[in-house]
Amino acid sequence: MGRYVARRLLQMIPVFLGSTLLVFSMMYALPGDPVRALAGEQTVDPQQIAAMKKELGLDLPLWHQYWNYLVGLFQGDFGTQIASGRPVADIISEAFPITVRLALFAFIFTVVVGISMGVFAGLKADTLRDRGLLVLTLLLISVPSFVLGFLGQYFFAFQLGWVQPNVSLEASSDELILPAVVLGSLSLAYVARLTRTSVAENLRSDYMRTAVAKGLPRRRIVGVHLMRNSMIPVVTFLGTDLGALLGGAVVTEGIFNVKGVGYNVFDALRHREGATVVGIVTLIVVVYLVASLVVDLLYAVLDPRIRYA
Amino acid sequence: MTIIDKTADVPAPRGSNDESGPLLEVRDLHVEFHTRDGVAKAVNGVNYSVSAGETLAVLGESGSGKSVTAQAVMGILDMPPGRIPKGEIFFRGQDMLKMSNEERRQIRGQKIAMIFQDALSSLNPVLSVGYQLGEMFRVHQGLSKKDAKAKAIALMDRVRIPAAKERVNDYPHMFSGGMRQRIMIAMALALEPDLIIADEPTTALDVTVQAQVMDLLAELQRDFNMGLILITHDLGVVADVADKIAVMYAGRIVETAPVHEIYKRPAHPYTKGLLESIPRLDQKGQELYAIKGLPPNLLHVPSGCAFNPRCTMAQDICRTEVPALRPVTEQDGTELVGRGSACHFWKETIHG
């Protein structure tokens, strides 16, 4: 087990290097540059631009720029935003807590509502309530999140007046509930379907018949025997899903004006702020890698037939 | 209605409030399944009884209704699609079909327990065997986790699983087939039930292990004076342990008899066919007999005797009239205790 974890952690190094290089070269390949973007519509002296580029090290070849970036990174320096002159580390430390909270709310919503709905439908597969759930989840999967976001805003903010349409800069927890529900609704649909199928399938298994024959109360048959088995695929999905939620939601954060990771990545992309994009994306990659490692370890806890050596 | 009589000198059931009568009595049981293609009549009027200490073997091909009958007794039929339109199942004189769900649950595991065919799929793969065994004591007797585990270890010792203490936290997939079946037996045995239903307990095992498991089962049954219903299609297994046999075909009992008599003189052509299809050493080199045709489709059971399309003795009457299970007698009319046959030509079969 220890060796397995160590191996997985070591595997993260090439993935980390590869993904940073990839994002870095993509930023390099994009047309436009941050210095020119700084000037906006005004015409600026090309010599001035060239001088600024030289100062920022943007005139160097790609490999050299990447090397400089990595050297900085290992000294704990994420670089500096060109336009604002703020360290990227500051931007990350501001945006991440908001996104983490948003993601956690969305995750809790997904887990609690999604699994309950899935169990509710799966226990009575092919009945009216099961079909109802299938239709509802199909709707959630096929409707784009911006439609849900605007609908939520329209009803809960403008019609009912329960919430503010926009999240303030502090992003207090009650403000984040509506964005979290919108953000989590797609995963909710997948979790509900996955749970439903898993429950319906395990319900027919031989060990469930044994549990009934043992004279166990229904609560225990469903709660222990059925759930322990049915949660295995769901947990796998939830792990990668948590990674995706933490990666920030450009659209949802945009609609509700949440100044989180997604918002900042989008902003940085528009202004060709390479260091910001690479910094944030790298962090997201690390979050993904750790999440998938945790899922794999959890998998072995849930299913004793899986052992890592 | 009850055709199978109690065999002689049955030990008295232990601790019972109803000393007379059999432990379990199934009367005119019907079970049907409502499927998309129609109603499958799986069980069509089965009668049998088991007393304490007695072993009833229920014999038949796949689809003959032997397992469905057992599941109805156990109360683990899937309903729907299953349905019990008619019949009674008396346990210690009380009709279980009239009981509430909670009353039936109290009987399951505590009074009547079941051993399933495939122990690997019948045990929960993600729970340790110690947990699954201990669960019986925790749920039915309210024991603590620790006490339940101690009891689980004792049970594993009882069914002779080596190093029970070390293996109690292992999971089902870590045991061999024979050991897993022992765990199933231990689980059924946990609360010392009055009756155990074993549904093909040795089918998934290899022959040497089969014998060990059957011996263990027979020994435990003797020690606890339990009633045992042994469901099987293996005539070889039956001969050693059973007291009486009920042969099922298409949801009906076609022949009943004390165990040894059926081997000597079958009174139904189907039983006769089954016996002749056992490979025998003294007939080495000869072609092995097989009953021709296939078991009937339960959606369209043949009219008259369900066995008539495959029977070598079938006459016109067999295609129109369902033969009732009638007592079988000697040629001079003396009664053969416990014997019955549902064949219009049982006399010809047994004496001819």
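It should be emphasised that the depicted structure is a prediction, and the values quoted were computed from it without experimental measurement. Computed from heavy atoms alone, side chains included, the values below leave out hydrogens, waters and symmetry copies. First the proteins, then the strands, lettered A, B, ... as listed; each starts at 1.
Considering all non-hydrogen atoms of both residues, B/His140 and A/Lys214 come closest at NE2-O, 2.8 Å. Between B/Arg105 and A/Gly215, the closest heavy-atom pair is NH1-O, 2.8 Å.
The number of heavy-atom neighbours closer than 6.0 Å to CG of B/Asp78, taken from other residues, nucleotides and ligands shown, is 12 or below. Shown here is A/Phe120, whose CZ atom has no more than 12 heavy atoms of other residues, nucleotides or ligands within 6.0 Å. Atom CG of B/Asn101 has 12 or fewer neighbouring heavy atoms from other residues, nucleotides or ligands inside a 6.0 Å radius. For A/Arg218, the CZ atom is loosely surrounded, since the number of other residues' heavy atoms within 6.0 Å does not exceed 12.
Taking B/Glu102, B/Gln117, B/Gln132 one by one and counting their heavy-atom pairs under 4.5 Å with chain A, the maximum is reached by B/Gln132. Listed options B/Pro125, B/Ala188, B/Gly75 were ranked by heavy-atom pairs under 4.5 angstrom with chain A; first place goes to B/Pro125. The most heavy-atom pairs under 4.5 Å with chain B, out of A/Arg305, A/Arg228, A/Arg204, come from A/Arg305.
At least one side-chain heavy atom of B/Tyr131 sits less than 4.5 Å from a side-chain heavy atom of A/Val224. Using a 4.5 Å cut-off on side-chain heavy atoms (C-beta onward), B/Glu135 and A/Leu216 make contact.
For the atom pair CG of B/Asp199 and CZ of A/Arg209, the computed distance is 7.0 Å after rounding to the nearest 0.5 Å. Atom-to-atom distance recorded for A/Thr210:OG1 and B/Asn124:CG is 8.5 Å, nearest 0.5 angstrom.
Proximity to chain A (any heavy atom under 4.5 Å) is restricted, for B/Met187, to the side chain, taken from C-beta onward.
Of the candidates A/Ile232, A/Val301, A/Leu302, B/Val126 forms a side-chain contact (heavy atoms from CB on, under 4.5 Å) with just one, namely A/Ile232.
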